[in-house]
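Just so it is clear, the structure is predicted and the values come from calculations on it, not from any experiment. In what follows, chains carry the letters A, B, and so on, assigned in the order in which the sequence lines appear, proteins first and then strands, with residues in each chain numbered from 1.
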Amino acid sequence: MTNIDKVILQMMQVMLQNKLPAIDRIEEESHDPFKVLVGTLLSARTKDETTDAVCRRLFKRVSSYHDLKHLSLIELEELIKPIGFYHTKARHLQRLPHVLEERFAGIIPRTIEELILLPGVGRKTANLVLVIAFKIPAVCVDTHVHRIMNRLGYVSTKTSLETEMALRGKLPVKHWLVFNSCFVSYGQHVCLPRNPRCNECRIFSECERVGVNR
DNA sequence: AAAACGGGGGC
DNA sequence: GCCCCAGTTTT
């Protein structure tokens, strides 16, 4: 077993032991692809609680992409206000229904190559939509995954794409649904961006403690 | 490769 | 005040 396999296994064990909420949420939530897409898109650089609150409010007004066509930019901004980068994201939501209709016949696509053509959707968001909405195994590299892999020395680049490729084939057979959540969880509680709690870390024996992306 | 986009919450 | 928040787009 290589070093990276052991690290992933340990992070997953830590998460499963602590019964972190992400597990239940991913497995039990309703998974309307449109709502998953919107929620995931809005969640960028924003706390989950904030995103959840906004989504609950937003989905009372918007239940399909058709509803987005009837909202002005100002209205959209007001609806998603507390979320980070709300102006940019409101513009993305405004363009979303048109791109969906013109390029995908109104159907949320199921491949990453197609998903990243949607406004505001990059590789991380696209992969997360595959995982949550379609239950398709995928590695989505957010800042936590990227930072942890860099500190471990498993990758040596600044690009998250190379990290994603490096982790392909490392998806566990059993709990692959929460593979990404393990990195997020460990990144939030122990392997923090600026001030990691290295004294609490029992995973990395060879850690470079590299600061990456905050 | 770097900058710009950003309000909100915790300590 | 500093840190942190499951990034994407444009320079």
Side-chain angles (χ1 to χ4, degrees), chain A residues 8 11-12 15 20-27 29 31 35-58 73-74 76-96 99 112-133 137-151 155-164 167 171 176-198 209-214:
Chain A
I8 292 173
M11 274 193 294
M12 294 192 72
M15 180 170 181
L20 294 169
I23 298 176
D24 295 330
R25 216 171 19 158
I26 290 175
E27 291 178 350
E29 251 179 20
H31 296 117
K35 292 182 179 177
V36 172
L37 173 64
V38 172
T40 307
L41 192 158
L42 292 179
S43 75
R45 314 309 296 148
T46 304
K47 293 202 175 188
D48 277 352
E49 306 83 70
T50 308
T51 308
D52 290 345
V54 167
C55 283
R56 281 194 296 275
R57 183 154 48 95
L58 179 66
L73 184 59
I74 303 297
L76 281 171
E77 286 184 359
E78 285 304 316
L79 275 170
I80 68 173
K81 190 68 166 176
I83 284 196
F85 309 127
Y86 64 93
H87 179 68
T88 305
K89 288 171 182 174
R91 294 188 64 82
H92 290 152
L93 288 184
Q94 219 181 13
R95 280 184 51 212
L96 180 58
V99 178
I112 187 165
E113 290 79 11
E114 294 173 304
L115 281 168
I116 60 177
L117 296 178
L118 300 174
V121 178
R123 289 195 75 86
K124 177 261 169 183
T125 302
N127 278 315
L128 201 50
V129 169
L130 291 183
V131 170
I132 296 178
V139 175
C140 68
V141 178
D142 61 2
T143 56
H144 297 297
V145 175
H146 194 57
R147 179 178 65 255
I148 291 173
M149 286 297 97
N150 269 278
R151 283 178 175 163
V155 294
S156 58
T157 72
K158 296 289 184 188
T159 71
S160 58
L161 180 59
E162 186 166 331
T163 302
E164 180 187 327
L167 286 176
L171 274 174
W176 66 265
L177 254 176
V178 295
F179 175 80
N180 288 103
S181 306
C182 299
F183 286 89
V184 174
S185 177
Y186 205 75
Q188 286 177 340
H189 298 105
V190 181
C191 199
L192 299 174
R194 297 291 285 272
N195 302 307
R197 296 163 184 165
C198 299
R209 300 181 187 179
V210 181
V212 179
N213 287 347
R214 287 210 235 174

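OP1 or OP2 of B:dG6 lies within a sub-4.0 Å distance of a side-chain N or O belonging to A:Thr88. Residue A:Thr143 places at least one side-chain N or O closer than 4.0 Å to OP1 or OP2 of C:dG7. For the pair A:His144 and C:dC5, the criterion of a side-chain N or O lying under 4.0 Å from OP1 or OP2 is met. The side chain of A:Arg45 places an N or O atom within less than 4.0 Å of a non-bridging phosphate oxygen (OP1 or OP2) of C:dG7.
Note: CG (A:Asp52) to C1' (B:dG7) measures 16 Å, nearest angstrom. In this structure, A:Arg197 places its CZ atom 11 Å from C1' of C:dC4, rounding to the nearest Å. In this structure, NZ of A:Lys81 is placed 13 Å from C1' of B:dC5, rounded to the nearest angstrom. At whole-Å resolution of the value, CG in A:Leu118 and C1' in C:dT9 are 15 Å apart. Note: CG (A:Leu117) to C1' (C:dT8) measures 14 Å, nearest angstrom. Between A:Gln94 atom CD and C:dT8 atom P there is a gap of 20 Å when expressed in whole angstrom units. Per the geometry, CG belonging to A:Leu128 stands 15 Å off C1' belonging to C:dT8, to the nearest Å. A straight line from CD1 of A:Ile80 to C1' of B:dG6 spans 11 Å, rounded to a whole angstrom.
Among the atoms of the strands shown, none is found under 4.0 Å from any heavy atom of A:Val145. Among the atoms of the strands shown, none is found under 4.0 Å from any heavy atom of A:Ser160.
Looking at every heavy atom in both residues, A:Gly120 comes nearest to A:Thr125 through O-OG1, 4.5 Å.
Side chains of A:Thr163 and A:His146: a donor-acceptor N/O pair is present below 3.5 angstrom, by distance only.
Sequence order on DNA chain C of the closest nucleotides to A:Gly187 and A:Ala126 puts A:Gly187 first from the 5' end. In this structure, A:Pro119 and A:Ser43 both approach DNA chain C, and ranking their closest nucleotides by distance from the 5' end singles out A:Ser43.
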Please table the atom pairs, donor to acceptor, closer than 3.5 Å between any side-chain atom in residues 79-88 of chain A and protein atoms at least two apart or in another chain.
residue	atom	partner	partner atom	Å
A:Lys81	NZ	A:Tyr86	OH	3.1
A:His87	ND1	A:Glu77	OE2	2.4

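For A:Thr46, whose side chain is taken as the heavy atoms from C-beta onward, the closest listed nucleotide among B:dG6, C:dG7, C:dC4 is B:dG6. Of the candidate nucleotides C:dG7, C:dC4, B:dG8, C:dC4 has the atom lying nearest to any side-chain atom of A:Arg194. When each of C:dC3, B:dG8, C:dC5 is scored by its nearest atom to the side-chain atoms of A:Asn195, the top-ranked nucleotide is C:dC3. Which of C:dC4, C:dT9, B:dG6 sits closest to the side chain of A:Phe85 comes down to B:dG6.
Judged by distance alone, with hydrogens and angles left aside, the side-chain atoms of A:Arg123 form no donor-acceptor pair with the main-chain N or O of A:Val141 at under 3.5 Å. Listed for the A:Ser185 side chain is no donor-acceptor partner under 3.5 Å among the backbone atoms of A:Ser181. Side-chain N or O atoms of A:Lys124 include none that pairs as donor or acceptor with a backbone N or O of A:Cys140 at under 3.5 Å.
Other residues, nucleotides and ligands contribute only 12 or fewer heavy atoms inside 6.0 Å of the CZ atom of A:Arg95.
A stacked arrangement is not assigned to A:Tyr86 and the six-membered base ring of B:dG6, the conditions of a centre distance below 5.5 Å and an interplanar angle below 30° not being jointly met.
Nucleotides B:dG6 and C:dC4, compared at atom P, are 22 Å apart to the nearest Å.
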Watson-Crick and G-U pairing of DNA chain B written in dot-bracket, each distance under 3.5 angstrom, with | for inter-strand partners: |||||.|||||
Stepwise side-chain contact (heavy atoms from CB on, under 4.5 Å) check, A:Val131 with A:Trp176: CA-CA 9 Å; A:Val131 170; A:Trp176 66 265; 4.1 Å; yes
